[in-house]
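These notes concern the structure reproduced below.
One-based numbering, in listed order, for ligands and for the atoms of each. Just so you know, these numbers come straight off a predicted model, no measurement behind them.
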Amino acid sequence: MSPAAPTVPLPLVELGAPVLGEPEKAALAEVIDSGWLTMGERVRRFEREFAALHGVEDAVAVGSATAALLLSLAAHDVGPGDEVLVPSMSFVATANVVHHVGATPVFVDLEAADRPHMSLADARARVTGRTRAVIVMHYGGYAMDVPAWRAFADRHGLVLIEDAAHAAGLTGRTGVASHAAAYSFFTNKNMTTAEGGMVIVGDGERRERVRRMRSHGMTTSTLDRDRGRAVGYDVVDVGHNFRMDELRGALGLVQLARLPGWNDARRALTARYREVLAAELPGVRVPFAADHPTTAHILPVLLPPGTDRRAVMAFLREARVQSSMHYPPIHEFDVYRRAGALTLPHTEAFAAAELTLPLHPLLAPADVDRVVRTLAEALAIPREDSP
Ligand SMILES: *Cc1c(COP(=O)(O)O)cnc(C)c1O
């Protein structure tokens, strides 16, 4: 190649990307100038505004969605000897938190190989005399039918918890019909505080218990004592340090205000993906109906049967398009396999065919077209083992 004609690499199409800028920098600088760094008035304001966006009374900010899930179980007295129904098609935190409270996760299959929501029929079949709770996960931000799960939970006397890590901003569909809902502000979620989480708890007393348990089970906070609103404290629960700090509270307030617009952008890009994929790659399917309520957290597709996914992902990477898969089934991880072999056919079939394509608010419609074009090229390559 002639040195006079250097190749210009194509811009990278990122799988996801947090949107951060001057408003976030200013909010962080303000906290530093204020001199009060840990859980204080900004965190409290963030809780109130998060609750208002979701149409509920109040919320509790914590260090992560993992902490939010753990405290949701603990504050409802789920513990040793109890079984908790969980989807295997989720991030591993959904099952780990069950272990953290001393209970046992019981993995439930999906509705179908192309519908990645936990199956109510399979959950019903796995209920025993020890079942105490069920955690449902809004895969990709696509709303579960929480009222149907609440009816199931009530019939069996179970605590219903939502893993809403993908679903911040799904007003009316999360945080209203369950006992508790946990949200994540990890860097790759729809809004971020770098690390962080929020929990919505329906019952006021349990909510205050979650609030205490995020800070050692203490009855007053450092801020209350600093401001002279409280003297001393008692400890009424064995709690944790799952607090959120003011820097994250300030970031959260800025990001929360921008969240509805970002979710709109994600939905519009998802609609474009559906349209372009249907036209150019009808063998590649997008789970859920186009009008299913969603925060459009990720863009999952199902590759045609027999596709070599590794080769497709390598081709995409070479063409500077990032991709991923959500998720390796939890019941197949070594640490969970040791509890006993289990087969969940729909979960395994979904996991084998799923590919996650780039989706974030800064993506341009032309990027969507480029991703689909690149995927079409990848799928047109014959397999090494085919004749
Ligand atoms: C990200 C995620 C979590 C964990 O959230 P953290 O805030 O990182 O603890 C839990 N469940 C699901 C489905 C997630 O995607």
Can we say Glu22 and Lys25 salt-bridge, meaning some charged N sits less than 4.0 Å from an Asp/Glu carboxylate O?
-> yes
Ligand 1 contact by Ala182, heavy-atom criterion under 4.0 angstrom | no
Which residue owns the protein heavy atom closest to atom 14 (C) of ligand 1, what's the atom, and how far is it?
-> Ala165 CB, 3.4 Å
Could you check atom 3 (C) of ligand 1 against the protein and tell me its nearest heavy-atom contact, residue, atom and distance included?
-> Phe91 CD2, 3.7 Å
Part of Glu195 with heavy atoms under 4.0 Å of ligand 1, whether side chain, backbone, both or neither = neither
Purely on distance, is any nitrogen or oxygen of Leu69 under 3.5 Å from one on ligand 1?
-> no
Would you kindly check if the NZ (Lys) or CZ (Arg) of Arg44 is within the cone defined by 45 degrees around the ring axis of Trp36 and under 6.0 Å from the six-membered ring centre?
-> no
Using atom types as modelled and distance alone, determine if a side-chain donor or acceptor of Arg266 lies under 3.5 Å from a backbone N or O of Thr295.
-> no
Which residue and non-hydrogen atom of the protein lie closest to atom 15 (O) of ligand 1, and at what distance in Å?
-> His166 NE2, 2.8 Å
So, does Gly197 sit close enough to ligand 1 that a heavy atom of it is under 4.0 Å from the ligand?
-> no
Among all protein heavy atoms, pick out the one at the shortest distance from atom 8 (O) of ligand 1; state its residue, atom name and that distance to 0.1 Å.
-> Phe186 CB, 3.8 Å
Closest protein heavy atom (residue, atom, distance) for atom 11 (N) of ligand 1 | Asp163 OD2, 2.7 Å
With the threshold set at 4.0 Å, does a side-chain nitrogen-carboxylate oxygen contact exist between Arg211 and Asp237?
-> no
Interfacing atoms of ligand 1 (cut-off 4.0 Å, heavy-atom, Ser90) = 13 (C)
Could you tell me which atoms of ligand 1, counted from 1 in the order shown, lie closer than 4.0 angstrom to a heavy atom of Gly196?
-> 7 (O)
Sub-3.5 Å donor-acceptor pair from the side chain of Thr171 to the main-chain atoms of Leu53, do we have one?
-> yes
Is the centre of the Phe50 ring less than 6.0 Å from the centre of the His54 ring?
-> yes
Shortest protein contact, atom 9 (O) of ligand 1 (heavy atom only) | Thr66 OG1, 2.5 Å
Is the backbone of Glu162 close enough, under 3.5 Å, to the side chain of Ser178 for a donor and an acceptor to pair up by distance?
-> no
Interfacing atoms of ligand 1 (cut-off 4.0 Å, heavy-atom, Tyr327) | 15 (O)
Would you check if the distance from the ring center of Phe186 to the ring center of Phe91 is below 6.0 Å?
-> no
What residue and heavy atom of the protein are closest to atom 1 (C) of ligand 1, and at what distance?
-> Lys189 NZ, 1.8 Å
So, for Tyr139 and His326, is the gap between ring centers shorter than 6.0 Å?
-> no
